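What follows is one structure encoded as structure tokens, with my remarks underneath.
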Amino acid sequence: MSVGSRAEGTDGIVEAVQAAEERARIYLEAIGQRQVYPTSGALAAVTQFREPFPNSPSRAVDVIRMLDEIGSPATVATTGGRYFGFVIGGTLPGSLAASRLVATWDQNCAFRVMSPVVAEIEEVVVRWVCEIFGLPLDCEGGIVTCATAANFTALTAARNALLARSAWKAADDGLFGAPPIDVIVGEEVHASVLKALSIAGLGQKRVTIVPADSQGRMRADKLPKLKKNSLVCIQAGNVNTGSFDPAAEICRWAHDNEAWVHVDGAFGLWAAASPKYRRLVSGFEQADSWATDAHKWPNVNYDCGIVLVRDPQALRQAMTISAEYLKPGLLREPANQTPEASRRARTVELWAGLKSLGKQGLAELIERTCAHAQRFASGLREAGYEVLNDVIINQVLVSFGASEITNEVMRRVQEDGTCWCGGTVWQGKTAMRISVSSWATTGADVKESLAAIIRIARQVRG
Ligand SMILES: Cc1ncc(COP(=O)(O)O)c(C=O)c1O
């Protein structure tokens, strides 16, 4: 029997999948006990992957053994409850379990004919997300890899729609010689939007920057004159402070002047799911396009970004693919909403995560993580450290004193392994960032992590 070929047989597949399942089970059970960042020994071991491309095949079960034995200890325990770096969600049981089935289905969900079931589920889940954010249900949306891809997709749709107002067909004629588009961003714009502007041909430096206030919110009173070729990029959830731009005011001013408003709401838009926090996203529903991530606050497994556009035609005109052998039907075709054609069915993992939570579960997840962030902030303040931001959602910025001290505390926190937090510089001040984004974080995780951070800070400060 030839290893790695179909002749290896169904038994070989079943054996390998069962082995992977068993190893995954052990990984999941141990995640709460292990140190969050891999040990130096585990990191050193990954060099064992550096081998020449092998001449002979290996049995799938042996490949999985190597992957688990060397790879698993070197992973960062982001699915445990004590990872607070960047803005990284864990993985909900519903999404994780669905990903197993989805991998087995191995559907290409570019076109309905390739996977009718995924195309159907995608239509449903796009509506659900619109409902959660309070957007019109006839907005069009696509499921992409991440917020950067969602920003790129939305900005491309915006670009083409704005140019079409001057009778310029960007999809046909490109950008050389096109009328200009005035792009406006806040001082605290996320790097993802700048990258998206750059790859959409709009330029990341060719922008007007509007000053921000002490929490990073765009100053609506400092907006420049807007016109029907203006593209205003606003933010729901600053990556450092969690703050929200004053969307209602900006959208009113922009729309009075026929400008397009795009929202980068990578995580912040999900505050809309909670009756307690919904007021923070009031006004964002008036924008023209939105980018968000399900792999952040909603805890769908990686990778899962979502783009939404108010005018369905604007998204479709920018993303539609046509070729003789692709004969789309009259129904919605997934590939006509995204830059990708062939892609895996991450849509199903999104659907499974949201279905398993329901409105109530999603609201509880948002509110619980915000409450944990409050607990971190009050514990750190009580211990004498400065919390630099108004903790309005799940983001906390803490300074332990001078830059060198804060950096040293952070280095030791990361080395200690109880929890993991990253760093930033907020308005000139070095800070440690605590982002509580995981469904798996419990009150006990917060208590243990807080105790470790305070213990280490006291050691450093002497
Ligand atoms: C506000 C904001 N926008 C965009 C991004 C980029 O997200 P992704 O890495 O999924 O592209 C982030 C990531 O943290 C973010 O916080």
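Both ligands and their constituent atoms are indexed starting at 1 by order of listing. Throughout, residue positions are numbered sequentially from 1 according to the sequence presented. All values reported here derive from a predicted model rather than from experimental measurement.
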- Item | Trp253, CH2: over 12 other non-hydrogen atoms inside 6.0 angstrom | no
- Message: I'd like to know if Glu258 pairs up with Arg165 as an ion pair, taking the criterion as any Lys NZ or Arg NE/NH1/NH2 lying under 4.0 Å from an Asp or Glu carboxylate oxygen.
- Response: no
- Output yes when Glu415 and Arg411 qualify as a salt bridge under the 4.0 Å nitrogen-oxygen rule, no when they do not. yes
- Item | salt bridge (charged side-chain N to carboxylate O under 4.0 Å, His left out) between Lys276 and Glu364, worked out | CA-CA 10 Å; Lys276 186 169 171 194; Glu364 275 168 17; over 6 Å; no
- Please answer whether the main-chain N or O of Glu285 pairs with a side-chain N or O of Arg310 as donor and acceptor at a distance below 3.5 Å. yes
Run through all N or O atoms in ligand 1 and write down each protein N or O closer than 3.5 Å, as a pair with its distance.
residue, atom, partner, partner atom, Å
ligand 1, 3 (N), Asp264, OD1, 3.1
ligand 1, 3 (N), Asp264, OD2, 2.7
ligand 1, 7 (O), Asp293, OD2, 3.4
ligand 1, 7 (O), Lys296, NZ, 2.8
ligand 1, 10 (O), Ala147, N, 3.2
ligand 1, 10 (O), Asp293, OD1, 3.4
ligand 1, 10 (O), Asp293, OD2, 2.6
ligand 1, 10 (O), His295, NE2, 3.1
ligand 1, 10 (O), Lys296, NZ, 3.0
ligand 1, 11 (O), Ala147, N, 3.3
ligand 1, 11 (O), Thr148, N, 2.8
ligand 1, 11 (O), Thr148, OG1, 2.6

- Message: Checking Leu194 now: which residues fulfil side-chain contact (heavy atoms from CB on, under 4.5 Å) with it, not counting sequence neighbours?
- Response: Val189, Leu197, Gln204
